Structures are given as C-alpha cells and as structure tokens.
Amino acid sequence: MNKTKLILTIILTLIVLGLIGWNLTDSDTEKTYLPPDDKEPTYQTQQMVTIVYNPEGLLSYKLTAEDVKHYAAAQDTWFTKPVMITYDKDQTATWSVRSDRAKLTQDRMLYLYDNVEVNSLTTTSQLERIKTNSAVVNLITQDISSDDHVNLYGANFTSEGMKMRGNLRSKTAKLIEKVKTYYEVQPKADSTN
C-alpha cells in the first residue's frame, strides 16, 4: 500500500505542478496590454462644464461644450460648440467666446474654428463684438489673434481687416492688413428750445 500511495502522490504532484505552470502562462497573456489607438479618444463626455481659477483663487474662466474628446497621445482636447466666459479681477464676466469647434493644447492655447464670435459682457468696453472664422486664445495671458478675415463691431463703428492681434483683459484689438473702418456719426442734440 505504501508503493501505491507513493505513486499516487507523485502523480498528484505532477498534476498540481502542471496546473500551476499552465495557470502562470495563462495569466501572463492577460497582463499584455495593447497601446491605445491614437485615432480614438482616451475619454469623451457630453455637456461638459469646466471652471478654472487663477493662482490667487479667483475665477478666471468657465468653459462649457456640448461634446468633448481628449486624445492622450497628442495631449489635445477637442470641443464641439464651446462657450468660454472670462472674468476680471472683480469676478465680473467680461467676454463670451464661442465657436463651432475648438482644440485645447497642453500649453493652454485654445484654437477656435468656424463661426468664431467674441462678445463683450460689459457696458464699459468700446469693443462690443469680434467675428472671424478662426482664432487663437492664450488662456493664461488672454491674448487673442486671428490670421483670417476679422470684423470688429463697437460703439458707433465697424472695422474689418485680414488679421487681428488683441488682448481680452485689456479689451483691445488691432487689425492688420487691408483695414477698413466705418463710423456712425451721431446727430447733435438740438439745444434751441
């Protein structure tokens, strides 16, 4: 009976060792990860709202979008129908920036594409609206630029040019190349009563 027990123990030991070896090789294949597809987004969401504060803890801007797709390989985030509201140091909403599409890069540059419109949200700005087909906004400095045809609308004037450089904080915009400006002259109030 000792010889039978010994043979049975050896057979069971071989079976256990075989199962352990098979299990180890099977789990190694499960740990093999495929790299993400660069053409597919790493994550995506709909109806996104992002609120960003400056280093002093004050509201800097609020960004909303209908659809967002982030691509890890390129470190880019794409937005559909983005709307960005900027705020000044007094926490007053100053500008509304919108477009059909936008791309946010890792260096905090927002590239706006198709039907770009920037609207003043204050009554103190002489510059009321900017319209163009593409623009770039530096989210840190709030510099804005466009190398497309640009229309500016303000208090009693309309201007157009081939390029623009400006800053949302200082409420300035400078048109470059083939600039045309039209002024609306307000009639003087009659004081002969």
Side-chain angles (χ1 to χ4, degrees), residues 36 38-176:
D38 291 346
K39 294 175 181 78
E40 293 296 318
T42 308
Y43 68 83
Q44 61 188 36
T45 187
Q46 293 180 332
Q47 304 304 323
M48 183 252 356
V49 176
T50 301
I51 299 172
V52 177
Y53 296 89
N54 67 19
E56 291 82 37
L58 300 174
L59 184 60
S60 182
Y61 62 89
K62 177 180 173 182
L63 181 63
T64 62
E66 289 181 7
D67 186 60
V68 179
K69 293 179 180 170
H70 178 73
Y71 297 86
Q75 292 295 308
D76 291 339
T77 304
W78 283 88
F79 302 92
T80 303
K81 299 287 185 189
V83 177
M84 179 177 70
I85 306 294
T86 63
Y87 294 85
D88 64 11
K89 62 182 182 335
D90 298 324
Q91 301 299 277
T92 303
T94 53
W95 295 99
S96 167
V97 180
R98 64 182 65 234
S99 66
D100 290 346
R101 298 177 306 122
K103 175 177 77 168
L104 178 62
T105 60
Q106 189 175 12
D107 57 354
R108 307 215 20 213
M109 299 294 284
L110 184 64
Y111 294 84
L112 303 158
Y113 303 102
D114 305 324
N115 298 313
V116 178
E117 190 169 321
V118 180
N119 290 297
S120 175
L121 301 176
T122 65
T123 57
T124 59
S125 177
Q126 292 295 311
L127 181 58
E128 296 170 353
R129 184 175 0 160
I130 302 169
K131 287 180 124 182
T132 186
N133 200 45
S134 69
V136 180
V137 178
N138 181 322
L139 295 178
I140 299 168
T141 64
Q142 291 195 4
D143 288 331
I144 184 169
S145 64
S146 177
D147 289 334
D148 279 338
H149 182 265
V150 178
N151 289 314
L152 302 179
Y153 303 92
N156 304 321
F157 77 91
T158 309
S159 291
E160 62 180 86
M162 299 311 294
K163 295 180 181 183
M164 180 202 64
R165 303 293 179 261
N167 186 279
L168 297 174
R169 274 195 195 112
S170 63
K171 301 175 186 168
T172 60
K174 177 182 177 183
L175 291 174
I176 304 167

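Note that the structure is a prediction, hence the values are computed from the model and not measured.
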Kindly indicate whether the side chain of [X], heavy atoms from C-beta on, has any atom under 4.5 Å from the side chain of [Y].
| X | Y | result |
| --- | --- | --- |
| Asp147 | Arg165 | yes |
| Val150 | Leu175 | yes |
| Leu104 | Phe79 | yes |
| Thr105 | Lys103 | yes |
| Asn133 | Val116 | no |

Holding to side chain to side chain contact (heavy atoms under 4.5 Å, CB included), I want the full list of residues that pass it with [X], two or more places apart in sequence or in another chain.
| X | result |
| --- | --- |
| Glu128 | Ala155 |
| Lys174 | none |
| Asp143 | Asn138, Thr141, Asn167 |

Just verifying a value: how many Å separate [X] [atom1] and [Y] [atom2], rounded to the nearest 0.5 Å?
| X | Y | atom1 | atom2 | result |
| --- | --- | --- | --- | --- |
| Leu110 | Leu139 | CG | CG | 5.5 Å |
| Thr50 | Met48 | OG1 | CE | 4.0 Å |
| Tyr61 | Ile85 | OH | CD1 | 13.0 Å |
| Met162 | Ser146 | CE | OG | 9.5 Å |
| Arg129 | Glu117 | CZ | CD | 5.5 Å |
| Tyr87 | Asn54 | OH | CG | 13.0 Å |

Just do the side-chain hydrogen bond (donor to acceptor under 3.5 Å, both in side chains) check on Ser134 and Asp148 with the steps written out, would you? CA-CA 6 Å; Ser134 69; Asp148 279 338; 2.5 Å; yes
Between Met84 and Leu112, does a side chain to side chain contact (heavy atoms under 4.5 Å, CB included) hold up when you go through it step by step? CA-CA 11 Å; Met84 179 177 70; Leu112 303 158; over 6 Å; no
How far apart are the closest heavy atoms of Arg169 and Ile140, and which atoms are they? NH2-O, 3.0 Å
Of the non-hydrogen atoms in Ser96 and Val83, which two are nearest, and what is the gap between them?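 In this case the closest contact between Ser96 and Val83 is OG-CG1, 4.1 Å.
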Quick one: does [X]'s side chain have a donor or acceptor within less than 3.5 Å of a partner on [Y]'s backbone?
| X | Y | value |
| --- | --- | --- |
| Thr77 | His70 | no |
| Arg101 | Pro82 | no |
| Gln75 | Ala72 | yes |

Sequence-distant partners of Gln126, side chain to side chain donor-acceptor pair (under 3.5 Å), two or more places apart: none
Contacts of Ser60 that satisfy side chain to side chain donor-acceptor pair (under 3.5 Å) - sequence neighbours left out: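 Testing Ser60 for side chain to side chain donor-acceptor pair (under 3.5 Å), a comparison that skips the adjacent residues, returns none.
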Tell me, which pairs form a salt bridge (Lys or Arg N to Asp or Glu O under 4.0 Å) where one or both residues lie in residues 65-90, sequence neighbours left out? Lys81-Asp100
Report, as yes or no, whether the 6.0 Å neighbourhood of atom NZ on Lys171 holds more than 12 heavy atoms from other residues, nucleotides or ligands. yes
Looking at Gln91, I'd like to know if its CD atom is crowded, meaning that more than 12 non-hydrogen atoms belonging to other residues, nucleotides or ligands lie closer than 6.0 Å. yes
Evaluate the criterion side chain to side chain contact (heavy atoms under 4.5 Å, CB included) for residue pair Asn115 and Arg98; output intermediate values, then yes/no. CA-CA 8 Å; Asn115 298 313; Arg98 64 182 65 234; over 6 Å; no
Audit row: Asn151, Thr158, side chain to side chain contact (heavy atoms under 4.5 Å, CB included) steps and yes/no: CA-CA 7 Å; Asn151 289 314; Thr158 309; 5.7 Å; no
Are a donor atom and an acceptor atom from the side chains of Thr94 and Thr86 found within less than 3.5 Å of each other? yes
Among Leu152, Asn119, Val118, find the residue that satisfies the side-chain contact (heavy atoms from CB on, under 4.5 Å) test when tested with Leu127. Leu152
Does Met164 form a side chain to side chain contact (heavy atoms under 4.5 Å, CB included) with Ile130? I'd like the steps, not just the answer. CA-CA 10 Å; Met164 180 202 64; Ile130 302 169; 3.9 Å; yes
